[in-house]
Participant: 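If you scroll down you'll find the structure; I have some questions about it.
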Amino acid sequence: MTAYRLLALNIDGTLLRSNGRLQPSTKEAIEFVKGKEVYVTLVTNRHFQSARKLAKALKLDSLLVTHGGAFISENLDKPLFEKRISEETTFNLVQVLENFNCNIRLTHERFSIGNRKKVSPNLLSKSILNTSDSMFYPVQFVDSLGDTLRDEPVSATRIDVHFKHEDEKQEAETVVKEAFDMVDIRSHLSSTSFDIVRKGVSKENGLRALASHLNIPLDQTVAIGDAEDDIGMISSAGLGVAMWNAPFEVKRAADWVTRSNNQQGVDYMVKEHFRKQQRQDFLRKIKIDQ
């Protein structure tokens with residue numbers, strides 16, 4: 001039986017209920033698995049400060065994989081790993097995207113900046129609320145991102161782009177792919193939006209970087225997620241787990257499917273799979289005694 005040493009958890013749709021709340025039983029499950037000497041981390045598209053706030057609620061002092069894998073750290077000032085879109089490329093991307101009718105939002109670990117263009121009713125507010133920003137994370141909106149970046153350059157960890165129509169999204173996606181080979185586009189199949197990240201940035205590669213730093217083989221990791229961009233880390237982990245509320249493609253990539261996020265899926269999975277696992281120091285002691 002494999003002894004798993006690293007547990008990686010997505011946040012939204014996995015760790016939290018649909019109402020954004022953290023269940024007490026989930027906190028208990030995290031404490032339970034930490035008692036087994038398992039390193040617990042969060043792997044999320046959220047910005048670092050938001051993920052860190054949740055980590056504190058869970059009593060985690062871990063390195064966190066944030067910004068979709070672009071920023072790995074345990075504090076804001078000394079990241080273990082960061083992979084940004086350069087200031088020049090960020091500016092050039094914005095120059096191209098501003099030719100389309102779209103909302104553009106640049107993400108940084110310390111702030112976010114977006115344009116004020118209203119593509120469709122409530123789209124701007126939805127794009128803010130869905131990221132679970134807190135008051136301590138400054139969010140600014142400007143009339144022209146290009147003009148702002150000319151005066152104050154930004155090296156973004158991610159660029160979120162929202163369109164009103166699918167054909168506009170596809171056209172912009174084609175233009176960016178042809179003109180910028182140093183970035184990756186993560187297109188959302190179920191919406192008229194896509195994200196732009198530096199080439200090679202993903203939750204999977206973020207998990208790989210963290211596991212390598214901790215000297216933990218990937219086959220000794222457990223990854224739990226629910227979204228399309230969780231598929232890579234679920235597939236590469238020693239035990240990949242999908243939430244019941246995940247799309248079919250995510251479930252198909254998983255080794256095991258747990259209950260939904262509204263039915264204590266993380267709690268159930270952790271208790272089922274870690275209850276028989278002994279602490280590492282206990283296993284080492286047995287080997288020494290033998």
Side-chain angles (χ1 to χ4, degrees), residues 1-23 25-30 32-33 36 38-46 51 54-55 58 60 62 64-69 130-132 184 186-191 193-195 197 201-211 216-277:
M1 180 179 175
T2 302
Y4 296 108
R5 298 167 54 197
L6 171 61
L7 172 62
L9 299 163
N10 179 43
I11 294 179
D12 298 291
T14 300
L15 197 60
L16 302 181
R17 293 168 60 90
S18 298
N19 61 9
R21 294 178 181 273
L22 184 64
Q23 287 289 93
S25 61
T26 303
K27 292 183 181 181
E28 293 168 6
I30 299 303
F32 173 79
V33 78
K36 299 282 187 176
V38 175
Y39 193 96
V40 182
T41 187
L42 306 179
V43 181
T44 178
N45 285 321
R46 289 191 181 202
L54 181 60
L58 292 168
L60 296 178
S62 315
L64 307 176
V65 181
T66 61
H67 296 264
N130 286 345
T131 59
S132 302
D184 286 333
R186 302 186 303 199
S187 184
H188 304 297
L189 300 178
S190 57
S191 69
S193 65
F194 60 72
D195 304 335
V197 295
V201 168
S202 67
K203 289 181 177 180
E204 175 187 358
N205 287 337
L207 177 60
R208 288 180 180 274
L210 176 60
I216 297 176
L218 272 182
D219 62 6
Q220 294 178 19
T221 66
V222 177
I224 311 179
D226 72 290
E228 293 171 6
D229 62 0
D230 292 323
I231 290 176
M233 73 169 185
I234 286 173
S235 300
S236 61
L239 178 63
V241 181
M243 304 297 290
W244 184 259
N245 48 289
F248 173 74
E249 292 78 12
V250 181
K251 293 177 182 176
R252 183 170 58 184
D255 302 301
W256 202 72
V257 178
T258 187
R259 297 171 180 171
S260 76
N261 61 323
N262 291 325
Q263 297 176 316
Q264 303 173 328
V266 170
D267 178 16
Y268 176 73
M269 182 274 156
V270 166
K271 296 287 179 64
E272 281 292 306
H273 278 272
F274 286 96
R275 59 190 172 88
K276 293 182 180 179
Q277 181 168 310

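Both backbone and side-chain heavy atoms feed into the values below; hydrogens, waters and symmetry mates do not. This structure is a prediction, so every number in the text was calculated from the model and none was measured.
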Participant: State, yes or no, whether a side-chain contact exists between V43 and M233 at a heavy-atom distance under 4.5 Å.
Facilitator: yes
Participant: When rounded to the nearest 0.5 angstrom, what is the spacing between OG1 in T221 and CD1 in I216?
Facilitator: 8.5 Å
Participant: Does some side-chain heavy atom of D229 sit less than 4.5 Å from a side-chain heavy atom of D195?
Facilitator: no
Participant: Taking the side chain as every heavy atom from C-beta outward, state whether I231 and R252 have any atom pair closer than 4.5 Å.
Facilitator: no
Participant: So do L218 and R208 actually touch side chain to side chain, heavy atoms under 4.5 Å?
Facilitator: yes
Participant: Measure the shortest side-chain to side-chain distance between V266 and T258 over non-hydrogen atoms and say whether it is less than 4.5 angstrom.
Facilitator: no
Participant: Strictly distance-based, threshold 3.5 Å: is any side-chain N or O of S62 a donor or acceptor partner for the main-chain N or O of V40?
Facilitator: yes
Participant: Under the criterion side chain to side chain contact (heavy atoms under 4.5 Å, CB included), I'd like the reasoning laid out for T41 against L6: C-alpha separation, chi angles, the key distance, then a yes or no.
Facilitator: CA-CA 8 Å; T41 187; L6 171 61; 4.0 Å; yes
Participant: Quick one: pull up NZ in K203 and NE2 in H67 and give me the separation to the nearest 0.5 Å.
Facilitator: 13.0 Å
Participant: Main chain of R5, side chain of K36: is a donor-acceptor contact present, judged purely on distance under 3.5 Å?
Facilitator: no
Participant: Which heavy atom in D267 sits nearest to a heavy atom in A29, and how many Å separate them?
Facilitator: OD1-CB, 3.6 Å
Participant: R46 and I11: side chain to side chain contact (heavy atoms under 4.5 Å, CB included), yes or no, with the steps?
Facilitator: CA-CA 8 Å; R46 289 191 181 202; I11 294 179; 3.8 Å; yes
Participant: Supply the atom-to-atom distance R21 CZ to L16 CG, rounded to the nearest 0.5 angstrom.
Facilitator: 11.0 Å
Participant: Sub-3.5 Å donor-acceptor pair from the side chain of N245 to the main-chain atoms of G13, do we have one?
Facilitator: yes
Participant: Test of understanding: with side chain to side chain donor-acceptor pair (under 3.5 Å), list the residues that count as partners of K27, not counting sequence neighbours.
Facilitator: none
Participant: Rounded to the nearest 0.5 Å, what separates atom CG in L210 from atom CG in N205?
Facilitator: 12.5 Å
Participant: Can you find a pair of side-chain heavy atoms, one from E228 and one from E249, that are under 4.5 Å apart?
Facilitator: no
Participant: Compare every heavy atom of L207 with every heavy atom of A8, then report the nearest pair and how far apart it is.
Facilitator: CB-CD1, 3.8 Å
Participant: Determine whether L22 and L58 satisfy the following criterion, side chain to side chain contact (heavy atoms under 4.5 Å, CB included), listing intermediate values before the conclusion.
Facilitator: CA-CA 9 Å; L22 184 64; L58 292 168; 3.5 Å; yes
Participant: Any donor and acceptor pair, going by atom type alone, linking the side chain of D219 with main-chain N or O of G238 inside 3.5 Å?
Facilitator: no
Participant: Sequence neighbours excluded, which residues qualify as side chain to side chain donor-acceptor pair (under 3.5 Å) partners of D226?
Facilitator: N10, T14
Participant: Would you name the heavy atoms of A51 and T44 that are closest together and state the gap between them?
Facilitator: CB-CG2, 3.9 Å
Participant: Which heavy-atom pair separates S25 from Q264 by the least distance, and what is that distance?
Facilitator: OG-NE2, 3.0 Å
Participant: Please round to the nearest 0.5 Å and tell me the distance separating atom CG of L15 and atom CD1 of I224.
Facilitator: 8.5 Å
Participant: Can you classify the ring geometry of Y268 versus W256 as parallel (below 30°), tilted (30 to 60°) or perpendicular (above 60°)?
Facilitator: parallel
Participant: Test side chain to side chain contact (heavy atoms under 4.5 Å, CB included) on L7 and H273; report intermediate values, then the result.
Facilitator: CA-CA 11 Å; L7 172 62; H273 278 272; over 6 Å; no
Participant: Who pairs with F194 by ring pair (Phe, Tyr, Trp, His ring centres under 6.0 Å), at least two apart in sequence or on another chain?
Facilitator: F163
Participant: So, taking the atom named CZ in R259 and the one named CE in M243, what distance separates them when rounded to the nearest 0.5 Å?
Facilitator: 10.5 Å
